[in-house]
Amino acid sequence: MKEKISLAAARRIALGAQGFTDARPAGTPDRRHLARVLSRTGLLQIDSVSAVVRAHYMPLYSRLGPYPLALLDNAALTRKRTVFEYWAHEASFLPVETYPLMRWRMQRAEKGEEMYLGLAKWGRERKAMIEEIYGQVAERGPIAASDIEGHKGNGGWWGWSEAKHAFEWLFWAGRITTAYRRGFERYYDLPERVLPQAILDLPVPSVEDAHRELLRISARAHGIATYGDLRDYFRLAPGDTKARIEELVETGELLPAKVEGWD
């Protein structure tokens, strides 16, 4: 039997899950409030759109009210950072505790899977270039793609240089990560020089366990969702998730529901 939910209740569930019903801070928001928002959303998608400010600053404002932008910036700095960058829904800030849950994607990316097809093809053909750039990061990091002499892009958003391709491939594979940003440009370094040691020491779950936990995070963030919604929050493939969702239904962690007016 499916739980029957009114359309109004479904709206309230979704808004509540995303933290819109939480009380705003009485004073200046701090790291605790950032953590509270991230516990609701699970991630903040990084976006270059900046009609007002960069788009990843907006979700905090809509939930906390006015806050110092440095709150998010500083959360992604130093070995005491509380967020890291990686591919989730898209490029995203994620709580550092999520790092082990994304290792399966990094491992697949290193095999040429779980990344843009064009970048995967480039990586298969330019392994020597990838290792050259990895060596540069290991020796000189943190560095940006623009710091590599003789490698200029050919213009346009996707006009990546050879070095930029290598940096992006290594980032997908988890061999390098974002140390910080200057403006909107990433500066890369090795994970062991960027992430808290306690996070690096966490056990890496199996692919199945990681997918189950990512689906739990997605379910909490949505409150109420379709199969496609749950899967797409972390861009999980259908073949990886159908059985995992069925398992979460079987254990009672997810409840099938029928919403008034929805097919």
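Note that these values count all heavy atoms, side chains included, but never hydrogens, waters or copies made by symmetry. No experiment lies behind these values; they were computed from the predicted model shown.
Between M129 atom CE and L170 atom CG the span is 10.0 Å, to the nearest 0.5 Å. Between the CG atom in L43 and the CD atom in E90 there is a gap of 11.0 Å [rounded to 0.5 Å]. To the nearest 0.5 Å, atoms CD1 (I148) and CD (E132) are separated by 8.0 Å. Between atom CZ of residue R244 and atom CG of residue L215 there is a gap of 9.0 Å, rounded to the nearest 0.5 Å. Distance check: L34 CG to T82 OG1 gives 5.5 Å after rounding to the nearest 0.5 Å. Between the NZ atom in K258 and the CD atom in E3 there is a gap of 14.0 Å [rounded to 0.5 Å].
Salt bridge D147/R140: absent, no basic N to carboxylate O contact under 4.0 Å. Of the charged side-chain nitrogens involved, at least one lies within less than 4.0 Å of a carboxylate oxygen, so that R175 and E131 count as a salt-bridged pair. Ion pairing between E208 and R212 fails under the 4.0 Å rule for side-chain N and carboxylate O.
Using modelled atom types, no side-chain atom of R231 and backbone atom of K242 make a donor-acceptor pair closer than 3.5 Å. Remark: side-chain polar atoms of T78 are paired, donor with acceptor, to backbone N or O of K80 under 3.5 angstrom. Side-chain atoms of Q45 do not come within 3.5 Å of backbone N or O of H56 as any donor-acceptor pair. Side chain of R63 to backbone of L60: no donor-acceptor contact under 3.5 angstrom is found. When atom types are taken as modelled, the side chain of R193 and the backbone of A138 share a donor-acceptor pair closer than 3.5 angstrom. Looking at E253, its side chain never comes within 3.5 Å of a backbone N or O of L248 through a donor-acceptor pair. Although no hydrogens or angles enter the test, the distance criterion places no donor-acceptor pair under 3.5 Å between the side chain of D201 and the main chain of A198. Side-chain atoms of D232 do not come within 3.5 Å of backbone N or O of G228 as any donor-acceptor pair. Between the side chain of Y67 and the main chain of Y57, a donor-acceptor pair closer than 3.5 Å is present. In terms of modelled atom types and a separation under 3.5 Å, the side chain of S206 and the main chain of D209 share a donor-acceptor contact.
A cation-pi contact links R54 to F184, judged by a cut-off of 6.0 Å to the six-membered ring centre and 45° from its axis.
A side chain to side chain contact (heavy atoms under 4.5 Å, CB included) with F93 holds for exactly one of V83, T178, T41; it is V83. Of the options R103, R235, R105, a salt bridge (Lys or Arg N to Asp or Glu O under 4.0 Å) to E114 is made by R105 and by none of the others.
Cluster annotation: I245 is not connected to L255 through the hydrophobic network of ILVMFWY side chains, with a link wherever side-chain heavy atoms come within less than 4.5 Å. The hydrophobic cluster containing M106 also contains L195, counting ILVMFWY residues as joined when their side-chain heavy atoms lie under 4.5 angstrom apart, directly or transitively.
Between F84 and I199 the shortest side-chain heavy-atom distance does not fall below 4.5 Å. A heavy-atom distance below 4.5 Å is found between the side chains of R124 and K121. Counting only heavy atoms from C-beta outward, the side chains of R36 and L64 approach each other to under 4.5 Å. When side chains are defined from C-beta on, F234 counts as touching L94, because their heavy atoms get closer than 4.5 Å. The shortest side-chain heavy-atom distance between E213 and P205 does not fall under the 4.5 Å cut-off. In this structure the side chain of R81 reaches within 4.5 angstrom of the side chain of V194, judged on heavy atoms. R40 places a side-chain heavy atom less than 4.5 Å from the side chain of D22. In this structure, P256 and V249 have side chains that are in contact, with non-hydrogen atoms separated by less than 4.5 Å.
Smallest separation of non-hydrogen atoms from R220 and A17: O-CB, 3.3 Å. Of all non-hydrogen atoms in T241 and L236, the two that sit nearest each other are CG2-CB, 3.3 Å. Heavy atoms only, all atoms of each residue included: E192 and R79 are closest at O-NH1, 2.9 Å. Listed here is the closest heavy atom pair of V53 and L69: CG1-CD1, 4.4 Å. Nearest heavy-atom pair, S62 versus F20, reported as atom, atom and distance to 0.1 Å: OG-CE2, 3.7 Å. Residues D189 and G141 approach most closely at OD2-C, 3.6 Å, considering heavy atoms.
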Report task. Verify side-chain contact (heavy atoms from CB on, under 4.5 Å) between V207 and R108, making sure each step is shown before the conclusion. Result -> CA-CA 10 Å; V207 175; R108 287 186 182 179; 3.8 Å; yes
Query raised in the report: When you look at L230 and L254, which way does the side-chain contact (heavy atoms from CB on, under 4.5 Å) test go after all the steps?
Result: CA-CA 11 Å; L230 294 176; L254 294 178; 4.1 Å; yes
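Sorted by first and then second residue, the pairs that involve residues 187-231 and meet ring-ring contact (aromatic ring centres under 6.0 Å, His included), not counting sequence neighbours, are W104-H211, F167-Y188, Y180-Y187, H222-Y233.
Ring planes of W87 and W172: parallel class, angle under 30° (limits at 30 and 60°).
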